[in-house]
Participant: 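Right, I'll just put the structure down here and ask away after.
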Amino acid sequence: MTPSADPDQRVRAILDSPTYRLAYEDIDLLGQEELRPLRLQLELLKPERILHEQGIHSTVVVFGSARVSDAETAAARLDALERQTRTAPSNTKLAQEIVRARRRVDQARHYEQARRFAQLISERFQQQNRRDFVVVTGGGPGIMEAANRGAFEAGARSIGLNITLPHEQAPNPYMCPELAFRFHYFALRKMHFLLHAKGLVTFPGGYGTLDELFEVLTLIQTGKMQRIPVVLVGRAFWRRAVDFDLLLDEGYVSPSDLDLFTCVDEAEEIIGALEHFYVDKATDGAPS
């Protein structure tokens, strides 16, 4: 390109040049493969600094399916589909949707229990500006929304750790805006779930939920993290989803490994399991 003779145009060309950007403002630079370690560091540092500034002392992690909804929404969906069958009684696809919708109505109890648990734990530990056992979720819909919603309805703060996905996962509206984070790297997001965790509550879910649960159990089993109470909600689901007795019978896990978690059904039972771990066992360093 022939340089312009106009000095003003030359200055504008310099100011518009990518090389003239400040390095920390250069998104193209930060996105290069060689700078992945820097991006990893930024995703580690940013949430930690903000949690410190917000006075978050400890958290309780809630995992579970993004596909469930609250009882009212699930019932309304089923009702709408059943009304459609009156005009199309032989529609096979519609019949399958109704089967799924009925299952969602049944699964809505998990949403309501997650919502109830978050309300109970938040009311108990966020009085007088105390910031312990702050609910943290993946920031999306389903069980994540339910837990953030329960804290919101209690007038308490909660955290959301969202992540960029091919099909973008929108943040649910109930987490605190100043405690809502978005990640690119799953590894860093998983790390932040556990850095301040004093408990893990896992509701029924799919691959993501199982992945997160078993990573925590493995970290505890191998001594890579301090033991925390792990509570599985929905006895009937977990009995079928994972045959822990088979793992024990085949010798793939030890009897003590099955003591790393507790199965319950109700929100009040989750609270009881956390109390049993921290109060009855008098665990060192536990908030009271």
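Just so it is clear, the model here is predicted, and its values are computed rather than measured.
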Participant: Do L200 and L194 come close enough that some side-chain heavy atom pair is under 4.5 Å?
Facilitator: no
Participant: Applying the side-chain contact (heavy atoms from CB on, under 4.5 Å) test to E43, which of E48, H184, M191 qualifies?
Facilitator: H184
Participant: I'd like to check V242 versus F214 (side-chain heavy atoms, cut-off strictly below 4.5 Å). Are they in contact?
Facilitator: yes
Participant: Less than 4.5 Å apart, any side-chain heavy atom of E178 and any of Q54?
Facilitator: yes
Participant: What is the distance from atom CZ of R49 to atom NZ of K46, rounded to the nearest 0.5 Å?
Facilitator: 11.5 Å
Participant: What I'd like to find out is whether the side chain of I159 reaches to under 4.5 Å of the side chain of F181, using heavy atoms alone.
Facilitator: yes
Participant: Would you indicate whether the side-chain heavy atoms of R21 and D28 approach each other to under 4.5 Å?
Facilitator: yes
Participant: Does a sphere of radius 6.0 Å around CZ in R77 hold more than 12 heavy atoms from other residues, nucleotides or ligands, not counting ones at 6.0 Å or beyond?
Facilitator: no
Participant: Indicate whether any N or O donor in one side chain lies under 3.5 Å from an N or O acceptor in the other, for S17 and T19.
Facilitator: yes
Participant: Going by the angle between their ring planes, with limits at 30° and 60°, are Y278 and F133 parallel, tilted or perpendicular?
Facilitator: perpendicular
Participant: Are V201 and I121 side-chain neighbours, meaning at least one heavy-atom pair lies under 4.5 Å?
Facilitator: no
Participant: Step through the shown structure and confirm whether more than 12 heavy atoms of other residues, nucleotides or ligands are within 6.0 Å of CD on E25.
Facilitator: yes
Participant: Please list, one pair per line, the donor and acceptor atoms closer than 3.5 Å that link side chains of residues 59-69 to other protein atoms, with sequence neighbours excluded.
Facilitator:
residue, atom, partner, partner atom, Å
T59, OG1, H196, O, 3.3
T59, OG1, A197, N, 3.4
S65, OG, R67, N, 2.9

Participant: Is it true that D8 and R12 make a salt bridge, defined as a side-chain N closer than 4.0 Å to a carboxylate O?
Facilitator: no
Participant: Can you tell me which residue pairs pass the salt bridge (Lys or Arg N to Asp or Glu O under 4.0 Å) test with a partner in residues 115-125, sequence neighbours excluded?
Facilitator: E112-R115, R115-E153, R116-E268, R124-E275
Participant: Got a sec: does the CE of M225 have more than 12 other heavy atoms crowding it under 6.0 Å?
Facilitator: yes
Participant: How many angstroms lie between atom CG of L51 and atom OG of S58, to the nearest 0.5 angstrom?
Facilitator: 11.0 Å
Participant: Is any side-chain heavy atom of K198 closer than 4.5 Å to one of I228?
Facilitator: no
Participant: For a 4.5 angstrom cut-off between non-hydrogen side-chain atoms, does W238 reach T202?
Facilitator: yes
Participant: Under the side chain to side chain donor-acceptor pair (under 3.5 Å) rule, what pairs show up with a residue in residues 100-110, not counting sequence neighbours?
Facilitator: E82-R102, R104-Q107, D106-R109
